[in-house]
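Comments concern the structure below.
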Amino acid sequence: MSTVTEVSTLLRLSPTPFIFINDLTSPRLTTNSLINDLDAQDVHTARIDGVVCFTPRLFFDTVINALTRWKPTWEDGCANWSPSELHTTKRYNDSFDAFLHGLKDVHTHLTQENQNPTKMVLIVENPERLKEGMPEVLVPLTRLRELLKLDISVVFVSAQRWEDIKPPLGAALDPYYIDLGIPTKDAIMKQISASFTDHLWRIPSSSSSPTPYHPAFQPLYAQYLSLVYDICHTFTDDPSEIGYIAAARWPGFVKPILDGYSQRLQEADPDENIELEVPSVEFIMRLTRHFKPSLNTALEQLFTRQTNATDWAAANEPNEDVLDQILGLPPSSPTKSRHVATDDEGMDDDELPSLQSSPTRPRSERIRNLQSQNPTFADYALPLFSSNAASSSTAPVALSSALPRMSRFVLVAAFLASMNPIKSDLRLFGRGLDGKKRRRRVVRTKKAPKPISGPVKIPQRYLGPSPFSLDRMIAILGALLEEHDVPDDDEMPEEFTIPGEYTDMETRRVGVYASITQLTNMRLLVRTTPLDKLDGPPMYKTGPGVASSYEDVSAMAKGLGITLGDLIWEREN
Amino acid sequence: MKRKAGAALRQPPAKRATRSSAAQNDPDPSHSDDQLDCIPTTRRSTKRVQFHPPALPSPPRPEPSPVKPQATIKRPSRASPKKPAQLETPSLTPPPRPASPTKKALAHLPPHLHESLDRQKSAILQNLHSPALIHDYDEEDEEQDAPANLLAAQHVGDLLKGTTERGEGNSCLLLGPRASGKTKVIEQCISELSQEPIVVHLSGWIHHNDRLAMREIAYQLNQQTSASFLPEGLEVDGDAENPFMDDTVSGLDSIPTAHLHALISCIPTLPRPTIVILDGFDLFTLHPRQSLLYSLLDTVQSLRMGPGIKGLAVVGLTSRMDTINLLEKRVKSRFSGRMIRTAPPRKPAEWTHTARAMLMPKIEVDSMDVKDEFTELWKTRVDDFLADPKIARIFEETFSVTRDLRTLSRLLIQPVLSLTPNSPWLTSEQLERSAVAQRIRPEYPELHKLTYPSLCLLVASVHAETAGYPAVTFEMLHEYICTRIRTSSSAPVQINGRSIGMVKIPRLVLLSTFEKLVSAKMFVATAAHSLTIGKEFVRYRCAIHRQDIKQAIDKSGQTNLKTWLNKAS
């Protein structure tokens, strides 16, 4: 497999017009190291990100300025590079022609400056974006050397294949393909230390207050990196991701050693010189075993960007007695108090009163009792912008505490309406005239099942929400309220005699419709019919994100005393 | 072909013979083959002369001549008189050929030649992209037509000569497949002209409309006719006669398209004959009303001799064969109809010659870096390399697919690039590898090395497809994977204290992996992104074929995934 060094050698030695690097794991890191290599070899490089340069003009300006290492400044009116002070009106970004003229001028300028032939390389990241944004640039870009007759090469670095990017009609030049492949453990570890940590070891640290990047730790760091790799490589190969996780955990990892050192420093005589030393093999093993589980959580939270490395490191910083645990406790249970730091920032009990005092609090004593028995359900915090129930402790906004109780019922009803087929409604929510709930059981006949035609049905909740009419949702809401939120007999107002009449009236209140509008404004519900359409009931579906996530809604439903799993139509039977 | 096959058959005994003779001839066991390979010693050669005839009465000898008959035609002085030379002056002969290409890889280069290797390497890499096509063309052979490109160069050269020397108006089309040498032919013809003309290059890929093209014409004319750019002795008569002189590029913006015609008709009044080269000619026919083509061709056609009138030639380059049909009637009637064809090389042998020329570039004599000793060695090695039947097969296969010379140079880059002092010679293995990477690429070469969650997602997509859902959402895949992980770990079997079930994947890790696969276009969205659909419900189609997934899973060696995949059928 080719390496980045080979690519840079090739670019230096040979006038390859167009190179395509396919890198599945970390295109950005590859680009970085390629540019570093080329810069060391006196090749003029321009790095273009397809995401940043989304118009041809931006693209052209970036290339010209990068090749000449020109930085537009505010003081001189953010002017782009121009060959001399006199020709400031010359513009190189009007069209591809102007860009070519600009490149020629850049080449003359650089050759004059360097006194030797100049080599220019354009390195394009995310070239697939160029295809989407400015497909007309792609073909001339691949033929740049031919058009300019200068020593210039174009390199595309992408996770996609050239076949996916290639312009039609075979107009573009075939590139020299380079598949960087998926790196091995050694390569990844080397790349991590070269890209992220090598410079840190060179920062001098005083021996009295050593930092985690004290040079004495360097051999330990290699061991640590290998440990991190072993844990993470099942899930990711990306050196930058592994490096990120490693960087987040490292200060915590060496903290027990630093603690021990400062303890020794305190106990020892002031004039005695205590060297920071790498601990014994056994201690390192215990340390490793202690921190292994936290690396798994780091992977879950940092790889998926639930939080950032600094916050995560602060939240998971080992406390003082970790050192004692590592030294004292038997190694079988070293991780007992790992989450001490995180547990206290969970739910507060303070939220409960505010919830109780909400205007639409449960009307029945039974439900209220249920809530006070299970406070964890009641104050379940639903994050607004995260679809993960597990990480709710770190999510900033607690949705369910912010939403009124009726809105939560509406959300659950909308979820059921979106995810259940219409024909299941009667079976799930149907009641007789007497008001008693009558679940219709499926009558199992001995008749052989119909031969299945077409594909096996997949429950709607895996396919995404389907639109439902407002009436249907109101009906389901009524059924839910009747089941889970009906006042007790003694609290029931006198005038309601027919079973279900009270709930029926409740669901027709303006407040319900207002909460539906409010939820639509929050995009927890999405209206699928246009506002100005008059015929037929308005159609809605649950919005993207939390409102469509089974886990989140079921947790919220639990807080209301509803078991969502029972009400979801699983499959045809 | 027959001769080739015969040669290939004859080759193995020859190898064996050489090897055994080397073993016999070498009484000193410490004298390793590696040294033999690269250091020519007179002692060995002498011995070979002494012992060779009795030991080997049969003629086969691993020389390149039987394998490549063309080589003997091309370079008779080098290949054929080798045998007598060996007998007469043994000290000058190269060392015996190495037995097999694998042995070559073992050879190390003596330190004093390292620099030469570096030089050679960079010279080859420099040379690879501007290969001189070597025609296997024998003037005396009457049955054979002259190569198309030679004829084309002749035609175009004549036309351009007419334009520059006699002031004619000429137009022609240069047709030929990709990389068949269209640009090269025209550039060569222009460089051979006695008088330097004004050359305007336009490209259909850049100049999407006539306005852009006109601006570029103005710019290039301005560059080439202004006084500072003119060679001495060529004086511009006066600015008044040159309508492009005063026109700055921005000034041209205000000229309406209707006036283009008038401007272009002024081109013949320029002080030197002009050649307009239209690359991607077929794309110019797509411009509205083809007005640029009309103006150019009309000017060409109506060119009359006169004082101060110089010639104008319009040359279109295209690979589209039916371009002439794309022209409007009025444009077509003004076009001369000359279509000159270029063609890629016709025989695989031409490729081999070109490859040899690529691998043995002429290095400037003044550079002392490359030692003669090395050059000599390199030459023999390249001959061996090209004579290898494996190499010949790769070249032939490639040639039958594409005759693009750029493919050849791409094929050779990787082997040349990986030359190091430890493996200083080209090997067939490297070329084979590079053929896989450059020629007809496997769709996803590294699929089996993907991470475990990625493979899980792929297998799940196969299951979804089997169930009749080719378009999948992330939720579906997640559900498939969760179910599978649950069932696989339900068995209470343990091996070495570990459950045999599949490793659990956190949902968000799976989602991140999925997004990565989407960004690598392994999963392609089937519909445009919509704001009302959450990202976990967007429908995707797996771009990888089922068969590829199966192979990748087999190769990855993850038994759990393999059994799971086998259930989808």
Side-chain angles (χ1 to χ4, degrees), chain A residues 2 6 9-10 13-17 24 95-97 100-101 128 136 139-140 143 146-147 159-161 163-164 170-171 173-174 176-179 181-182 233-238 299-300 303-306 387-388 390-391 454-456 458 461-465 526 528 541 543-545 548-549, chain B residues 121-122 125-126 128-130 178 183 201 203 205-208 212 215-216 219 280 319 404 406-407 410 413-414 417-418 437-438 441 443-446 449-453 467-469 473 475-476 478-479 503 505-509 511-513 516 519-521 531-538:
Chain A
S2 318
E6 258 182 40
T9 319
L10 177 65
L13 291 180
S14 145
T16 319
L24 275 178
S95 61
F96 206 91
D97 280 323
L100 293 183
H101 305 153
E128 59 271 10
E136 74 280 357
V139 174
R143 295 173 168 264
E146 196 182 303
L147 293 168
Q160 296 184 8
R161 302 171 308 150
E163 287 75 10
D164 296 326
L173 220 57
D174 278 336
Y176 175 67
Y177 299 100
I178 288 171
D179 300 304
I182 286 158
H233 89 282
T234 325
F235 299 105
T236 174
D237 287 325
D238 191 342
L299 176 79
E300 277 176 37
F303 175 56
T304 57
R305 295 290 187 277
Q306 295 301 300
S387 58
N388 184 21
S391 69
V456 184
I458 287 185
R461 69 181 168 105
Y462 303 128
L463 297 173
V526 175
T528 56
K541 66 178 187 173
S548 300
S549 148
Chain B
K121 194 167 141 183
S122 55
L125 287 174
Q126 281 286 346
L128 271 181
H129 287 278
S130 47
R178 301 175 69 195
T183 315
H201 288 274
S203 165
W205 300 111
I206 302 177
H207 307 112
H208 304 286
L212 285 174
R215 284 175 61 167
E216 183 60 14
Y219 178 85
S319 56
D404 190 341
R406 288 192 283 230
T407 313
R410 279 195 282 124
I413 285 178
Q414 180 61 37
L417 204 57
S418 47
Q438 305 294 330
R441 295 161 53 73
E443 278 208 84
Y444 294 95
E446 292 278 294
K449 284 193 193 162
L450 286 182
T451 53
Y452 162 72
Y469 289 89
T473 64
E475 282 294 331
M476 282 166 70
H478 180 240
E479 177 61 18
V503 183
I505 310 169
R507 183 189 146 94
L508 285 180
V509 171
L511 186 61
S512 298
T513 316
K516 213 154 196 190
S519 73
K521 276 230 168 161
L531 269 179
T532 58
I533 301 178
K535 59 181 173 183
E536 62 269 44
F537 296 119
V538 180

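Here is the naming used below: chain letters follow the sequence lines, and residue numbers restart at 1 for every chain. The structure displayed is predicted, hence computed values, not measured ones.
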N/O donor-acceptor pair under 3.5 Å between B:Q438 side chain and A:Y176 backbone: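 Pair absent, no side-chain N/O of B:Q438 close to backbone of A:Y176.
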Expected output: side-chain B:S418 to main-chain B:Q414 donor-acceptor under 3.5 Å: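 Such a contact is found between B:S418 side chain and B:Q414 backbone.
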About how many Å separate [atom2] of [Y] and [atom1] of [X], when rounded to the nearest 0.5 Å?
X	Y	atom1	atom2	result
B:I413	A:I178	CD1	CD1	8.5 Å
A:E136	A:S95	CD	OG	11.0 Å
B:R406	A:D174	CZ	CG	7.5 Å

Who wins among [options] for the most heavy-atom pairs under 4.5 Å with chain A?
options	value
B:H478, B:R410, B:H207, B:E475	B:R410
B:T473, B:V538, B:V509	B:V509
B:S512, B:G534, B:S519	B:S512

Counting only heavy atoms closer than 4.5 Å, note whether [X] contacts chain A via side chain, backbone, both or neither.
X	value
B:L212	both
B:S203	side chain
B:P453	both

Just so I understand: if I count every heavy-atom pair under 4.5 Å between each of [options] and chain B, which residue has the most?
options	result
A:T9, A:L299, A:L147	A:L147
A:L24, A:L463, A:D238	A:L463
A:Q160, A:E300, A:K541, A:R461	A:Q160

Parallel, tilted or perpendicular: ring planes of B:Y219 versus A:H101, cut at 30 and 60 degrees: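 Parallel.
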Identify which part of [X] has an atom lying under 4.5 Å from any heavy atom of chain B, answering side chain, backbone, both or neither.
X	value
A:L173	both
A:T234	both
A:T528	neither

Ring-face cation contact, B:Y444 with A:R161, 6.0 Å cut, 45° max: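 Here A:R161 passes the 6.0 Å and 45° test against B:Y444.
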NZ/NE/NH1/NH2 to OD/OE distance under 4.0 Å, B:K449 and A:D237: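 Not counted as a salt bridge, because no side-chain N and carboxylate O are separated by less than 4.0 Å.
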